[in-house]
*Asks:* 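After the structure tokens below, expect a handful of questions from me.
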Amino acid sequence: HTNAWFVGATPQLTTAVWVGDPVDSIPMINIPEFDADGYLGVQGGTYPAQIWKAFTDAALADDPIQDWDPPPPPDRPSVRLVLPGYECIVYEGGESVLPEPNAVGTTVPPGEIDPNSPLPSIAPDLLPQGCN
């Protein structure tokens with residue numbers, strides 16, 4: 001509890017807030033004002049987030065509310081790779097295709113990321129219907 005950060009962004013403004021002692025690592029715990037607010041110590045989601053919101057509200061008070069631009073479309077079609085023994089590739093739209101032997105697959109346990117593939121494996125009970 002010696003340093004606390006919050007970084008937030010809007011389409012118009014990105015701001016970082018740091019709370020701490022610039023000279024020494026003094027824990028921000030058991031401080032009466034913090035205790036009164038129900039905080040045992042300072043974390044990024046407490047006072048730094050409140051400071052960020054107050055600053056951002058004031059800084060953008062005269063600006064219209066803006067939303068983020070939509071993300072660009074993916075560069076390649078969706079595909080899900082699963083564990084050997086469950087070699088079903090599911091393409092966007094739900095079409096299931098069984099690959100040829102020794103085709104695409106991974107030996108990474110469910111939920112982990114294969115360093116040779118950007119796609120996570122999934123547990124057999126989460127396979128789409130038709131993939132078994």
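In this chain, residues are counted from 1 in sequence order.
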*Asks:* Report yes if the side chains of V42 and P48 come closer than 4.5 Å at any heavy-atom pair, otherwise no.
*Replies:*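 Heavy-atom side-chain distance check passes, below 4.5 Å.
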*Asks:* Please determine whether ring pair (Phe, Tyr, Trp, His ring centres under 6.0 Å) holds for the pair Y47 and F6, giving the CA-CA distance in whole Å, both sets of side-chain angles, and the decisive distance to 0.1 Å.
*Replies:* CA-CA 9 Å; Y47 291 114; F6 184 86; over 10 Å; no
*Asks:* If you define the side chain from C-beta out and look only at heavy atoms, does anything of V7 sit under 4.5 Å from T15?
*Replies:*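 SC-SC contact between V7 and T15 ruled out.
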*Asks:* Quick one: CD on Q43 to CE on M28, what's the gap to the nearest 0.5 Å?
*Replies:*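 CE of M28 is found 10.0 Å from CD of Q43.
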*Asks:* Check the pair W5, V17 against side-chain contact (heavy atoms from CB on, under 4.5 Å), reporting the backbone distance first and the verdict last.
*Replies:* CA-CA 6 Å; W5 287 87; V17 175; over 6 Å; no
*Asks:* Has D21 got a side-chain atom pairing as donor or acceptor with V23's backbone, closer than 3.5 angstrom?
*Replies:*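 Yes; judged by distance alone, with no hydrogens or angles, the pair exists.
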*Asks:* Begin with the C-alpha distance, continue with both residues' side-chain angles, and end with the deciding distance and a verdict on side-chain contact (heavy atoms from CB on, under 4.5 Å) for L13 and F55.
*Replies:* CA-CA 11 Å; L13 180 68; F55 173 83; 4.0 Å; yes
*Asks:* Applying side-chain contact (heavy atoms from CB on, under 4.5 Å), run through D63 and Q12 and close with a yes or a no.
*Replies:* CA-CA 9 Å; D63 290 3; Q12 307 98 303; 4.0 Å; yes
*Asks:* For V19 and I51, what are the C-alpha separation, side-chain angles and deciding distance, and is it a side-chain contact (heavy atoms from CB on, under 4.5 Å)?
*Replies:* CA-CA 10 Å; V19 175; I51 294 166; 4.0 Å; yes
